[in-house]
Amino acid sequence: MKRYEPKQFPRLKGLSGISDALLQDHFKLYEGYVKNTNELNTQLEAMLKNGKAKGNRSGVRRAHPAVGLRVRRNGVA
């Protein structure tokens with residue numbers, strides 16, 4: 001599977017209305033999302049190789065609880 005690399009955003013530094021410290025906090029969160037996506041893709045690839053992926057996400061949900069979160073649509077979970 002594709003491995004993602006976090007992008008750099010040097011042009012965003014020095015913007016008015018948002019501090020560089022706040023931008024750095026957001027960049028750290030973004031890098032964590034990229035890292036977690038890569039880890040989940042690695043786990044999914046291993047499950048596919050072992051024949052444990054069956055079209056549902058139950059195994060992945062156990063491996064990473066955030067995958068099992070329900071999305072609210074129009075106030076209904």
Side-chain angles (χ1 to χ4, degrees):
M1 288 191 179
K2 180 180 179 179
R3 182 146 184 88
Y4 296 96
E5 295 296 325
K7 294 181 181 181
Q8 302 299 315
F9 301 95
R11 297 184 332 188
L12 295 180
K13 292 182 181 176
L15 290 176
S16 62
I18 186 168
S19 70
D20 288 344
L22 185 57
L23 282 171
Q24 284 304 112
D25 289 343
H26 283 281
F27 295 151
K28 286 178 189 175
L29 287 171
Y30 162 71
E31 288 172 3
Y33 299 147
V34 172
K35 178 184 172 192
N36 288 339
T37 298
N38 287 331
E39 288 176 4
L40 285 170
N41 281 340
T42 300
Q43 292 174 9
L44 184 57
E45 188 173 25
M47 291 172 68
L48 289 168
K49 283 182 183 177
N50 294 331
K52 294 186 178 180
K54 299 178 182 175
N56 62 26
R57 298 171 296 164
S58 59
V60 176
R61 188 175 298 123
R62 282 190 293 275
H64 196 285
V67 174
L69 294 177
R70 298 176 76 179
V71 177
R72 288 189 171 268
R73 293 198 177 112
N74 297 328
V76 178

Given a cutoff of under 4.5 Å between side-chain heavy atoms of I, L, V, M, F, W and Y, with clusters grown through shared members, what are the other residues clustered with Phe9?
Tyr4, Leu12, Leu15, Ile18, Leu22, Leu23, Phe27, Tyr30, Val34
On a heavy-atom basis, which atom in Asn38 and which in Arg3 lie closest, and how many Å separate them?
CB-NH1, 3.1 Å
Rounded to the nearest 0.5 Å, the CD atom of Glu45 sits from the NZ atom of Lys49 at a distance of 4.5 Å
Which value, rounded to the nearest 0.5 Å, describes the distance between Lys7 atom NZ and Glu31 atom CD?
13.5 Å
Run through Leu48, Leu40, Thr37 and flag the one making a side chain to side chain contact (heavy atoms under 4.5 Å, CB included) with Met1.
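Going through the options one by one, the only one that passes is Leu48.
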Residue pair Glu39, Thr42: steps toward the side chain to side chain contact (heavy atoms under 4.5 Å, CB included) verdict:
CA-CA 5 Å; Glu39 288 176 4; Thr42 300; 5.6 Å; no
Among residues at least two apart in sequence or on other chains, which ones pass side chain to side chain contact (heavy atoms under 4.5 Å, CB included) with Lys13?
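Here the qualifying residues are Asp20, Gln24.
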